[in-house]
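Proteins come first, then strands; the chains are lettered A, B, ... in the order of their sequence lines, and each starts at number 1.
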Protein chains: 2
Amino acid sequence: MSGAAAVVAVDNNRRADLLRVAARLFRERGFDGTTIRDIADAVGMRSGSPFYHFKSKQEILAAVMEEGLVAGLPTAEAIVAGGLAPREKFRALVRAHLETVLAEGHDFIPVLLYDWRCLTPLLRQRVLVLRDRYDQLWQDLVTELYRAGELASDGKVARLLLMGAINYSVLWYREGQGSDLDQIAQEAVAMFLRRAA
Amino acid sequence: MSGAAAVVAVDNNRRADLLRVAARLFRERGFDGTTIRDIADAVGMRSGSPFYHFKSKQEILAAVMEEGLVAGLPTAEAIVAGGLAPREKFRALVRAHLETVLAEGHDFIPVLLYDWRCLTPLLRQRVLVLRDRYDQLWQDLVTELYRAGELASDGKVARLLLMGAINYSVLWYREGQGSDLDQIAQEAVAMFLRRAA
DNA sequence: CCTACCGATCGGTAGG
DNA sequence: CCTACCGATCGGTAGG
């Protein structure tokens, strides 16, 4: 292994460390409630050092959001493009999404959902490129469900109501208390889909 | 009118001004993204003066939330206790709730929803007394809908999924763009309720 | 990535 | 409710 490759690997690890820790802190305390010093402390750096990896605190926020989208998109795309029946496809997407927003260490998308307003318009536009792809996946599935007679509505509001029901879980779900992810997905399917005649 | 009564009225007005402005700013920028100076400026006070009306910034946050709950509870209670059929009761509660979180100047409950984590545990406990009453109303209606065959699920998760679908609108609804409140309420009824056989 | 630091801003207070 | 202020903290930077 070359020395240069080792250095790059270390750099990537430190950057990844910062993103993971920042995601957790942003989720717990919010973007404005988290300081650069909190983040630096949590990875064992001095307070000025995160700026060696990121130009600004805002850039960390945008990178956290993009990291979450890049990690979540392939799974979601595979489910929607797959050959499952609409009902099973919905269950799988809901289940995968719950994992994305509720599982231990999965703090990236919750930050996107609830600190979106903290992004400057320019960075918002950048993250939107990926976010739009994620939303489009859901929109496509909503249409498929509607055509299959499984959903009462088509359109954007239908998608937003569904995603809201799922995303809101970030504010109430606590691991080990009450329903687990499978049960919540099951219940969403039962509540929102009608059995196709 | 006595002088004392006039002074009290003025005091109440200034306090109410602070709450209304704080609610709007907290909603737009978040609790941690809003400064006491922002709030004071917006009502034409100096930066130290809000502390004549409230002990701390946290107390303003708690008061904003309680104000929203006190304003919203009577309407919601009347709907749930009223004699409408379950389906119409649901439509009316959803419609009223949309008004509570989306109408111009109705910034109090959105702050409760999305800055809950900014409250200290002690104040959280205080606000929870009123919040629990609001949640219980929804829970009662969920049970009524389930028994009437209008809803596929009963229980807490069912309630949270429904409230999530509605509450999430705070993050996407823009007045004058897309569906209006009546249309959104209509669509929620169509999507979540099954026509009782 | 650390040291050492800066200018700006923050929540809150004493005294009137 | 204003004046005048405080100690603490903030995001960010220069130089190494």
_Atom-to-atom span, CD of B:E59 to P of C:dG11 - whole angstrom_ = 15 Å
*Atom CG of B:L61 and atom P of C:dG11: how far apart are they, to the nearest Å?*
13 Å
*What nucleotide among D:dC5, D:dC1, D:dG11 has an atom nearest to a side-chain atom of B:R37?*
D:dC5
*Which atoms form the tightest heavy-atom contact between B:A76 and B:L137, and what is the distance?*
CB-CD1, 3.6 Å
*In whole angstrom, give the distance that lies between atom CZ of A:F51 and atom C1' of D:dG11.*
5 Å
*asked:* Could you tell me how far apart B:D32 (CG) and C:dC10 (C1') are, to the nearest whole angstrom?
replied: 12 Å
*Whole-Å distance between D:dG12 P and A:I39 CD1?*
10 Å
*For B:L161 and A:M191, which heavy atoms make the closest approach, and how far apart are they?*
CD1-SD, 4.0 Å
*Picking from D:dC2, C:dC1, D:dG12, which would you name as closest to the side chain of A:Y52?*
C:dC1
*For the side chain of A:H53, counting heavy atoms from C-beta on, which of D:dG12, C:dT3, C:dC1 is nearest?*
C:dC1
*Does D:dG16 pair with anything, Watson-Crick or G-U wobble, both distances under 3.5 Å, and if so, with which nucleotide?*
C:dC1
*Whole Å only: how far is the CZ atom of A:F26 from the C1' atom of D:dG11?*
12 Å
*asked:* Whether A:R20 and A:E67 form a salt bridge (side-chain N of Lys/Arg under 4.0 Å from carboxylate O of Asp/Glu) is what I want to check.
replied: no
*C:dC10: pairing nucleotide in any strand, Watson-Crick or G-U under 3.5 angstrom*: D:dG7
*Determine, for A:E144 against A:K89, whether the closest basic-nitrogen to carboxylate-oxygen distance falls under 4.0 angstrom.*
yes
*The side chain of B:M45 lies closest to which of these nucleotides: C:dG12, D:dC2, C:dC2?*
D:dC2
_Selected nucleotide, minimal atom distance to B:R14 side chain, candidates C:dG11, D:dC1, D:dG12_ = D:dC1
*asked:* What's B:S49 touching, base or sugar-phosphate or nothing? Going by heavy atoms closer than 4.0 Å.
replied: base
*When you check the gap from the basic side-chain N to the acidic O, do B:R29 and A:D32 get nearer than 4.0 Å?*
no
*Take the protein atom NZ of B:K57 and the nucleotide atom P of C:dG11, then report the distance between them rounded to whole Å.*
4 Å
*Could you tell me the separation between the CZ atom of A:F31 and the P atom of D:dG11, rounded to a whole number of Å?*
8 Å
